[in-house]
Amino acid sequence: MRCAPNPNGPWHVGHARMPAVIGTYRDRYDGWFCVRFDDTDPETKRPDLEAYDDILEDLDYLGFEPDATYKASDRLETYYDHARELIELGGAYTCSCSGEDFSELKNSGEACPHREKDTETVLAEFEAMIDGEYDSGEMVLRVKTDIEHKNPALRDWVAFRMIDTPHPREEASEYRCWPMLDFQSGVDDHLIGITHIIRGIDLQDSAKRQQFVYDYFDWEYPEVIHWGHVQLDDYDVKMSTSTISELIDEGKLDGWDDPRAPTLKSLRRRGIRGEAIVDAMTKLGTSTTDVDLAMSSIYANNRDLIDDETDRHFLVRDGVQLPLGGSPPDEANPPLHPNHEDRGVREIPASDAVLLEEGDLPGREERIWLKGLGCFQYTRDTLQYTGDDIDVVREGDVDVIHWVPADESVPVRMRTMDGDVSGHAEPGVADLEPDEMVQFERVGFARIDRHDEDETVVYYAHP
RNA sequence: GCUCCGAUGGUGUAGUCCGGCCAAUCAUAUUGCCCUCUCACGGCAAUGACCAGGGUUCGAAUCCCUGUCGGAGCACCA
C-alpha cells in the first residue's frame, strides 16, 4: 500500500487517516507500505522543501515507519520512458490545442486534429517537450482514451505538460516537462508493486482514467477503495494546509504546533499520543461518505492511555486570594494518584492565604473542603478552619475544591485551543520535567512544555 | 448541463453481497445513580437510528423502482 502525500506543509489531523489505516493493516497482515511524495507540480502545488521531513516526522509521531520512501520528482526519467513506450503503442499523442479549445471539442465528443498524428511526429514532439523546447501551455501529451466516452472526465486526458517554473528541489530543477498525477501515480503504483490503493472520493475517476494506460501496457490495476472527507469538530480553524499556513503567515497562529491549529504537531505538543489518533482514525472505517471525527473520541483514547500513569496536581486558573484563619494544618498531602497510593503524596504548604478559582468561591458562612487540607467556613472575608471530619464530605454537605498557596505557587501559562489561560500551580509543578504529563484536578490533562524564567508553560490536552 | 457515488441514534460503526437468528451491535457523547477528599479511572442504568414513498415476499435495514437530501468529477492541481 502507499501513502502519497503532496509535500506542501506539515500534516493536519485529517492526513493521519491514511497512515493510520494502511499502517495498521500492514502490521496486522504482514503487509508493506511506502510513502511516495507526489511532487510533480512545481508551480500550482509548489512543494515546500521542509515538508518532506515534516511529514516523515508526523508519521513517526503516529508510530509508523514506512518500508520505503520515494519522491516522484526523482523519477522523471522513468515516466518519460513509459510515455515513449505508450506513444509507440499508439496510446498517446502530442497536442497543441489550448485548454479551452480542447475542452469544447471534448465536451461535444469530437477529436482534435492532433489525435491522428503519426507515431514518429508524436515521438519527436515529445522529445522536444522533454528538452524544454516549448513554453508552458504550448504542448501537452494526451492519453488516447475514448473521445466519446459517456463520462467526459475520462476523455483523452493530459499526461504531461510544460511548466516553466523550476522545481524547488535542486535535483529536479532542470526538468520542464512534468507528468500529471494520473499518469505518474498510475505508472508508479504498478512499478512499485502496489496491490491496494485507498484514496479520496475526489479521485474517484482516477482509476478509470488510469485503466486506459494499464490496458495499453497490459497491466493489472490494484484494488482500490475511495473514502470521503474527514471533518473535525471542536476547531475554529479550518482543517486545510493552505488555510493554516496563511494564518501562520498573518501571525494569527504561532506556528504549526499552535494549540489552536488542527495539526498533528499541535496535538503532539499537547501531549496526545499518536496511538490515540490512529485508533480513532481506524475506527472511522473507509466509507465513501464524509465523516465527522469527534475530538472527544481521540481524547477518550488518550485518557485510556495516560490516566493511570499521570500524576495529579493542582492548578488554579485566574485565582482569587482568600486569607486563612483558625490554625489549619501547615501542609497538605494529597496523593499523587488516587489509584496508586504507593507513588506517595504531594507536599503543599498551607500559608496565610490561598488562591481559589472564581467559580469555587464560597458564599457567606458556607463551608468548603480544601482538598487535602480540611474544612473551612467563609466568615468575615476569611476562611476559618473548622476542623470538621472528612465525614462532612462523605455526607455530601460540603464541596471539595482545589487550591494553591497564595505565596508559594508556580505561575503557569496554559495554552489551550481557545487561547492562553493564566493561573498558579502547586509548588511541585516547578520540579516536573518538560514533556511530562500532569492532570490538574478538576481542570484536565496537560503537558509540561517548559519552565521559563517567570512562568511555567503547559499545553492543555483534554478533560 | 453531463457522469459517478452515497444515506443506520449527537458522532463513528456492525449488520446490506447470500432477506428471517435485527423489537438492530459496539464505541463515544449526554443524563442519572454507585465509588471517590466532588477531577480522572472504575461499576450500573437511561436517552437515542435503519432518508421518504411505492413494489417484490409469508417475511425487507438488507432486493427492485421513484423521489429527496448530500458528496465528487467534467483542470496543462494534487
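Order of the sequence lines sets the chain letters (A, B, ...), proteins ahead of strands, with each chain counted from 1. What's counted below: heavy atoms across the whole structure, side chains too, no hydrogens, waters or symmetry copies. Everything quoted here is computed from the prediction, not taken from an experiment.
No salt bridge links R46(A) with D39(A); every basic N to acidic carboxylate O contact stays at or beyond 4.0 Å. Salt-bridge check for R161(A) with D41(A): passed, with a basic side-chain N closer than 4.0 Å to an acidic carboxylate O. Salt-bridge check for R273(A) with E309(A): passed, with a basic side-chain N closer than 4.0 Å to an acidic carboxylate O. With respect to the salt-bridge test (charged N to carboxylate O, under 4.0 angstrom), the residues R312(A) and E441(A) do not qualify. Salt bridge status for R343(A) with D311(A): present, with a side-chain N to carboxylate O gap under 4.0 Å. Salt-bridge formation is not detected for the pair D146(A)/R155(A): no Lys NZ or Arg NE/NH1/NH2 atom is positioned less than 4.0 Å from an Asp or Glu carboxylate oxygen. Classification of R442(A) and D360(A) as a salt-bridged pair holds, one side-chain N sitting under 4.0 Å from a carboxylate O. R115(A) and D156(A) are joined by a salt bridge, as a carboxylate oxygen and a charged side-chain nitrogen come within less than 4.0 angstrom of each other.
As rounded to whole Å, 13 Å separates atom P of rA78(B) from atom CG of D188(A). A straight line from CG of D292(A) to P of rG71(B) spans 12 Å, rounded to a whole angstrom.
Dashed line: the shortest gap from a side-chain N or O of S287(A) to OP1 or OP2 of rU13(B) is under 4.0 Å. Taking 4.0 angstrom as the limit, R394(A) places a side-chain polar atom (N or O) nearer than this to OP1 or OP2 of rC37(B).
Aromatic ring centres of F160(A) and F126(A) lie closer together than 6.0 Å. Residues F440(A) and H313(A) place their aromatic rings such that the two centres sit no closer than 6.0 Å.
Nucleotides rG70(B) and rU25(B) have their C1' atoms positioned 26 Å apart, rounded to a whole Å. Spacing between rA72(B) and rA45(B) at atom C1', rounded to whole Å, works out to 43 Å. Annotation: rC74(B) and rU11(B) have their P atoms spaced 30 Å apart (nearest Å). Going from the P atom of rG32(B) to that of rG71(B) covers 36 Å, rounded to whole Å. Distance check on atom C1': rC64(B) versus rG19(B) gives 13 Å, rounded to whole Å. If you take atom P in rA40(B) and the same atom in rC26(B), they sit 24 Å apart, rounded to whole Å.
Nearest nucleotide to the side chain of Q439(A), out of rG6(B), rC4(B), rC39(B): rC39(B). When the nucleotides rC5(B), rC39(B), rA78(B) are ranked by their closest atom to the side chain of N6(A), rA78(B) comes out on top.
Backbone-only contact: L284(A) has heavy atoms under 4.0 Å from sugar-phosphate atoms and none from a base.
In this structure, the salt bridge (Lys or Arg N to Asp or Glu O under 4.0 Å) partners of D435(A), at least two apart in sequence or on a different chain, are R447(A). Evaluation of the side chain to side chain contact (heavy atoms under 4.5 Å, CB included) rule for D81(A) yields R84(A) as partners, not counting sequence neighbours.
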Between protein and nucleic acid, restricted to nucleotides 73-77 of chain B and to nitrogen or oxygen atoms under 3.5 Å apart, what atom pairs and distances do you find?
from: rG73(B); atom 1: O2'; to: D205(A); atom 2: OD2; distance (Å): 2.7
from: rC74(B); atom 1: O3'; to: K106(A); atom 2: NZ; distance (Å): 2.8
from: rC74(B); atom 1: O2'; to: K106(A); atom 2: NZ; distance (Å): 3.3
from: rA75(B); atom 1: OP2; to: S103(A); atom 2: OG; distance (Å): 3.3
from: rA75(B); atom 1: OP2; to: K106(A); atom 2: NZ; distance (Å): 3.0
from: rA75(B); atom 1: O5'; to: K106(A); atom 2: NZ; distance (Å): 3.3
from: rC76(B); atom 1: N3; to: G137(A); atom 2: O; distance (Å): 3.2
from: rC76(B); atom 1: N4; to: C97(A); atom 2: O; distance (Å): 2.9
from: rC76(B); atom 1: N4; to: G137(A); atom 2: O; distance (Å): 2.9
from: rC77(B); atom 1: OP2; to: R161(A); atom 2: NE; distance (Å): 2.5
from: rC77(B); atom 1: OP2; to: R161(A); atom 2: NH2; distance (Å): 3.0
from: rC77(B); atom 1: O3'; to: D41(A); atom 2: OD2; distance (Å): 3.3
from: rC77(B); atom 1: O3'; to: R161(A); atom 2: NH2; distance (Å): 3.3
from: rC77(B); atom 1: O2'; to: D41(A); atom 2: OD2; distance (Å): 3.3
from: rC77(B); atom 1: O2; to: K45(A); atom 2: NZ; distance (Å): 2.4

Polar atoms only, N or O, under 3.5 Å: list the protein pairs with nucleotides 26-34 of chain B and their distances.
from: rA29(B); atom 1: OP1; to: R303(A); atom 2: NH2; distance (Å): 3.4

Output a table of nitrogen or oxygen pairs between the protein and nucleotides 45-47 of chain B separated by less than 3.5 Å.
none

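In terms of position on RNA chain B, the residue among I401(A) and S206(A) whose nearest nucleotide sits closer to the 5' end is I401(A). Along RNA chain B, the nucleotide nearest A280(A) and the nucleotide nearest D307(A) are compared for position; the residue whose nucleotide lies closer to the 5' end is A280(A).
In this model, no side-chain donor or acceptor of R442(A) finds a partner on the base of rA40(B) within 3.5 Å.
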### Query
Which is it for Y93(A) and H114(A) under the ring pair (Phe, Tyr, Trp, His ring centres under 6.0 Å) test, yes or no, and what are the steps along the way?
CA-CA 7 Å; Y93(A) 60 97; H114(A) 312 111; 7.6 Å; no

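With pairs defined as Watson-Crick or G-U wobble and both atom distances under 3.5 Å, the stems of at least three pairs that touch RNA chain B come out as B:1-7 with B:68-74, B:10-12 with B:26-28, B:30-34 with B:42-46, B:51-55 with B:63-67.
Using bins of under 30°, 30° to 60° and over 60° for the plane-to-plane angle, the ring pair H15(A)/W11(A) lands in the parallel bin.
Side-chain contact annotation: S297(A) with K283(A), donor-acceptor N/O pair under 3.5 Å absent.
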